[in-house]
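Here is the structure we will look at.
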Amino acid sequence: MSSSTRNQSNPAPETLRYVPVDHSRVTFDGGFWKSWTQTVRDVTIPTQHKRLEEEGFLEVLDFDKPAGPLARPIQPSGLSMQHFFDSDFGKWIEAASYTLKAHPNPDIESKIDAIVEKLEHGQMADGYLNSWFIRREPGKRWTNLRDLHEMYSMGHLLEGAVAYFEATGKRRFLDVMIRAVDHIIDTFGREPGKLRGYDAHEEIELALVKLYRITRDPRHLALATYFVDERGQMPSYYDEEAIKRGERPEDYVYKTYAYSQAHMPVREQEQVVGHAVRAMYLFSAMADLAYENNDTSLKAACDKLFDNLTSRQLYVTGGLGPSASNEGFTREFDLPNETAYAETCAAVALGFWSHRMAQTDLDGKFTDKLETVLFNGALSGIARDGEHYFYENVLESHGQHRRWKWHYCPCCPTNIARFVTSLGQYFYSAKPGELAVHLYGANVAELPLGDRLLRLRQETNYPWDGDIRLQVSIDQPSRFILRLRIPAWCREASVSVNGEVIALDACTVKGYAALDREWRNDDEVRIALPMPVDRLYAHPAVSEDGGRVALQRGPVVYCVEETDIGCEPQRLRLPASTELAVRYDSALLGGAAVLEGTAFEAGTADWANALYRTSPPALKARPFRAIPYHLWANRDAGAMAIWLQEA
Ligand code: FUB
Ligand code: ZN
């Protein structure tokens, strides 16, 4: 049973909330996402398994063999990347599983089954399951939640198990993970005799909610709730745990538990701090629990944090977490371009969080950000060939950033893979009497409408243009509200139904236009979202972007690459008056709308050996073009910039 059918058959307490459509009900049979979803399914998923094998990740599951030498040394925090290898194949299984319903693949399925068999074989009698501790340090399990990712890894295995069960109906992996969760329930909590801990790398919380949505076992939801509620309570569990290990809490490498959003109870947090991926996973779980427990205090905390992130700490691309040293946040408005960390995982996870927020509170401010990360800061994490990646998604480069085939810490490739292979679920949500369209892009979807299905076809070249035709197929007339997201970037949207223009001002609430009518077969909705090229300016506190302008068209952020213009884009000066033409270039990496215009280049020819001089550089007019940022670094090496100096 899929999570969406599950929710419809158990209306309480979600009657007032939206339920995302099952991703497998949405087929990208044309347009922008067709080739991306095909590439990820046919290239990314198989090659990632190959890399996991080649790089020895799967060897950690050879429980009957003595553990070999460490492939990843222990870091100053006490963590080796190898501590969490389980998470990488957990995420791979999840990503692969999402492809299986619509595209059965016995080879991929047998690869997953082989991993599951090993996991089951290695699982301890009490349900404990973590390859590192079982094979290398059995006596040390549950002694260092602060540094060693034990439940982070289990959480990713659990998400993989849920996805595989939903795709195939096979229970083996799910049962293995339910036993592991039972063990965690026996070990952690507020009851006497249990450890009052929670993992410093959030992840298991949101995985437990996914499990609960299948099992409806209240213990699964209660465990997730406990982990979120316990986080940041004082005295800190991490202090007590360190003392038990014979360590001094003040020797903690990251110095502050803000690194793990464990510096104060979650409901008191107002600023997004610490490690970016951890924060996004935590906030996703908080949004899930707000939804499941109808917890308005968690929802309020999420709202404040979302506003803090989006008004002070988010890159224009939807990337987040500027700093490598903590893989996360520094101070507000600190958004350096060339040194941006902006990890792919963090952008993907912001997509998770934004999407979850919109299910309890249908507000375009959430789905606008989902769309931003989708077309920019997350998609930039995977190459057009589907087998090269970025971990850091910088906004500017002098050519030193190139995509790689595999990473020392390959958390990002499987994250972008699972985002793309489950993309359908982000497009639509339903609740009794309502359907919401969050995203635009060619697809055909079967959407639940009470006990019947409605077929909705989107015909569009979005995001290359903003004309969308929605065609309704339904076996009998039916009254319901169709809610259409009107993106905040669009200032002159128009909508018509069967040729009749809709007064959007009268029916749009929080970025969604509500079309409440009796719908009939073959009804046609036309949405026009004009996409002029927008020049964006950053808040003056973002010192890096002072005097600079970024180009955006629709949801797509543009960049200029040296390979297109023959000089570093950092040398361009873009006059405010420059006309920018939009041209669809079918030869560019599968086809994309590019922007073309004239800028000035600051020349170097007359500088001889001078580093500084009293007169400014000579400017010479030259044509330039900008391409979608997500496509950068797919051709010749060279410099790139999103923020261009304005002349
Ligand atoms: O530590 C586990 C994952 O690896 C994190 O989420 C990423 O930031 C990377 O450090
Ligand atoms: Zn990552």
Side-chain angles (χ1 to χ4, degrees), residues 44 48 51-52 55 57 60 71-92 94-95 130-132 144-157 159 199-207 253-254 258-262 272-285 318-330 340-353 373 377-383 388-394 401 403-420:
T44 310
Q48 287 187 351
R51 303 282 169 268
L52 289 166
E55 303 280 331
F57 280 65
V60 302
R72 302 283 187 280
I74 306 277
Q75 300 170 333
S77 64
L79 179 75
S80 155
M81 304 296 169
Q82 216 161 325
H83 271 100
F84 55 96
F85 275 9
D86 293 0
S87 70
D88 294 303
F89 45 81
K91 258 189 283 177
W92 177 77
E94 186 190 341
N130 178 296
S131 68
W132 173 280
N144 189 348
L145 300 190
R146 188 189 67 186
D147 300 315
L148 302 184
H149 288 34
E150 235 161 323
M151 279 192 247
Y152 166 81
S153 296
M154 291 187 189
H156 277 306
L157 289 177
E159 283 198 88
D199 202 285
H201 198 316
E202 303 90 330
E203 155 60 27
I204 189 124
E205 301 81 355
L206 70 85
V253 173
Y254 294 102
Y259 174 63
S260 300
Q261 300 77 40
V272 180
V273 294
H275 185 281
V277 184
R278 295 177 195 225
M280 295 305 109
Y281 285 177
L282 169 64
F283 304 156
S284 297
L320 57 152
S323 155
S325 65
N326 64 346
E327 300 190 289
F329 300 95
T330 53
Y341 198 66
E343 182 178 343
T344 303
C345 285
V348 168
L350 172 56
F352 298 161
W353 182 29
V373 297
L379 198 57
S380 56
I382 183 166
H388 291 83
Y389 308 93
F390 271 140
Y391 190 123
E392 293 105 322
N393 293 278
V394 298
H401 301 96
R403 297 178 183 275
W404 36 262
K405 212 166 135 183
W406 200 239
H407 199 274
Y408 188 74
C409 174
C411 49
C412 299
T414 47
N415 235 338
I416 184 66
R418 67 180 174 146
F419 198 30
V420 174

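Note that this is a predicted model, so its numbers are computed, not measured. Residues: numbered from 1 along the sequence shown. Just follow the structure's listing: the first ligand is 1, and inside any ligand the first atom is 1.
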_Taking the ring centre of each residue, are H83 and H149 less than 6.0 Å apart?_
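Here the rings of H149 and H83 have centres that are no less than 6.0 Å from each other.
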*Does a donor on one side chain and an acceptor on the other come within less than 3.5 Å for E205 and Y281?*
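Looking only at side-chain atoms, Y281 and E205 do not form any donor-acceptor pair under 3.5 Å.
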*So, for Y254 and S77, which heavy atoms are closest and what is the spacing to 0.1 Å?*
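Distance-wise, the nearest heavy atoms are CE1-CB, 4.2 Å.
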*Going through the distances and angles, do S153 and W132 end up as a side-chain contact (heavy atoms from CB on, under 4.5 Å)?*
CA-CA 10 Å; S153 296; W132 173 280; over 6 Å; no
Present, as a list of atom pairs with distances to 0.1 Å, all nitrogen or oxygen contacts under 3.5 Å between ligand 1 and the protein.
{"residue": "ligand 1", "atom": "1 (O)", "partner": "H149", "partner atom": "NE2", "Å": "2.7"}
{"residue": "ligand 1", "atom": "6 (O)", "partner": "H201", "partner atom": "NE2", "Å": "2.7"}
{"residue": "ligand 1", "atom": "8 (O)", "partner": "H275", "partner atom": "NE2", "Å": "2.9"}
{"residue": "ligand 1", "atom": "8 (O)", "partner": "E327", "partner atom": "OE1", "Å": "3.3"}
{"residue": "ligand 1", "atom": "8 (O)", "partner": "E327", "partner atom": "OE2", "Å": "3.4"}
{"residue": "ligand 1", "atom": "8 (O)", "partner": "E343", "partner atom": "OE1", "Å": "2.7"}
{"residue": "ligand 1", "atom": "8 (O)", "partner": "E343", "partner atom": "OE2", "Å": "3.2"}
{"residue": "ligand 1", "atom": "10 (O)", "partner": "E327", "partner atom": "OE1", "Å": "2.8"}
{"residue": "ligand 1", "atom": "10 (O)", "partner": "E327", "partner atom": "OE2", "Å": "3.1"}
{"residue": "ligand 1", "atom": "10 (O)", "partner": "Y391", "partner atom": "OH", "Å": "3.4"}

*Ignoring water, what protein N, O or S atoms are under 2.8 Å from the Zn ion (ligand 2)?*
E343 OE2, C345 SG, C411 SG, C412 SG
Side chain [X], main chain [Y], donor-acceptor under 3.5 Å:
{"X": "D86", "Y": "S131", "answer": "yes"}
{"X": "E327", "Y": "A276", "answer": "no"}
{"X": "Q82", "Y": "R72", "answer": "yes"}

*Parallel, tilted or perpendicular: which describes the rings of W404 and Y391, with under 30° parallel and over 60° perpendicular?*
tilted
*Nearest 0.5 Å, what's the OH-OG distance between Y152 and S87?*
4.0 Å
